[in-house]
Amino acid sequence: MYLTPVESPNAPDAFGPYSQAIIVGDLVFTSGSLPIDPSTKSMPEDIKDQAKQSLTNLVNVLKAAGTSMDKVVKATVFLADIADFAAVNEVYATFFSKPYPARSAYAVKALPMGAKVEIELIAAK
């Protein structure tokens, strides 16, 4: 089985020993995307802005992998505060259309760099 790493200059650089995404066969597995603007290296404060930035980063990673959001089969959303679920859901809905991908959402104790949200995806090629 051959693993192909994916790198997009339009998404934040990995700041650890991982790839932005890996292609295996006809699937693309993204790493979790923090809401970091790759051009400024900063993170918005508002949860909706954070969700939008995380998803925009993922759009760019999927594009670099040769696929798109309409081919996403599974999403996982990590929230620092489950009370942000509705706000993130509102933004999330603007990035997807029916049939929506399967999804899980979890409240976690904390996220790297004080982020309020992190999102990872699995997409078909």
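All residue numbers in this chain count up from 1 along the given sequence. The figures that follow rest on heavy atoms only: side chains count, while hydrogens, waters and symmetry mates do not.
- Summarising the geometry of Phe85 relative to Leu79, their closest heavy-atom pair is CA-CD1, 3.9 Å, with the distance given to 0.1 Å.
- Residue pairs meeting the side-chain hydrogen bond (donor to acceptor under 3.5 Å, both in side chains) criterion with at least one partner in residues 97-111, sequence neighbours excluded, are Lys74-Ser104, Asn89-Arg103.
- No chain of hydrophobic side-chain contacts below 4.5 Å, direct or via other Ile, Leu, Val, Met, Phe, Trp or Tyr residues, connects Val77 to Leu111.
- Note on Val28 and Phe96: same hydrophobic cluster, where clusters join Ile, Leu, Val, Met, Phe, Trp and Tyr whose side-chain heavy atoms are under 4.5 Å apart, directly or indirectly.
- Listed here is the closest heavy atom pair of Val61 and Val6: O-CG1, 3.6 Å.
- In this structure, Asp26 contributes its side chain and Lys125 its backbone to no donor-acceptor pair below 3.5 Å.
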Could you tabulate the donor-acceptor pairs under 3.5 Å formed by side-chain atoms of residues 12-25, not counting sequence neighbours?
from	atom 1	to	atom 2	distance (Å)
Tyr18	OH	Phe15	N	3.4
Gln20	OE1	Ser8	N	2.4
Gln20	NE2	Ser8	O	3.2
Gln20	NE2	Ala11	O	3.4
Gln20	NE2	Pro12	O	2.8

(request) Could you please spell out the steps behind the side chain to side chain contact (heavy atoms under 4.5 Å, CB included) verdict for Ile122 and Val72? (result) CA-CA 6 Å; Ile122 301 170; Val72 172; over 6 Å; no

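- Residues passing the side-chain contact (heavy atoms from CB on, under 4.5 Å) test with Asp81 are Ala83, Asp84, sequence neighbours excluded.
- Taking the side chain as every heavy atom from C-beta outward, Val117 and Ile47 approach each other to under 4.5 Å.
- Val91 and Leu62 fall within the same hydrophobic cluster, defined by Ile, Leu, Val, Met, Phe, Trp and Tyr side-chain heavy atoms under 4.5 Å apart, directly or through other members.
- Here CE of Met113 is found 11.0 Å from CD of Glu118. Values are rounded to the nearest 0.5 Å.
- Taking Phe95 as the reference, nothing meets the ring pair (Phe, Tyr, Trp, His ring centres under 6.0 Å) condition, with sequence neighbours excluded.
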Please tabulate, one pair per line, all N/O donor-acceptor pairs under 3.5 Å involving side-chain atoms of residues 48-56, not counting sequence neighbours.
from	atom 1	to	atom 2	distance (Å)
Lys48	NZ	Glu90	OE1	3.2
Lys48	NZ	Glu90	OE2	3.0
Gln50	OE1	Lys116	N	2.8
Gln50	NE2	Pro44	O	2.8
Gln53	NE2	Asn57	OD1	2.8
Ser54	OG	Ser33	O	3.0
Ser54	OG	Gln50	O	3.4
Thr56	OG1	Lys52	O	2.8

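- Across Leu34 and Ala115, no two heavy atoms sit closer than the pair CD2-CB, 3.7 Å.
- Considering every non-hydrogen atom in both Ile119 and Leu58, the closest pair reads O-CD1, 3.5 Å.
- Partners of Glu120 according to the side-chain contact (heavy atoms from CB on, under 4.5 Å) rule, which considers only residues two or more places apart in sequence or in another chain, are Thr30, Thr76, Phe78.
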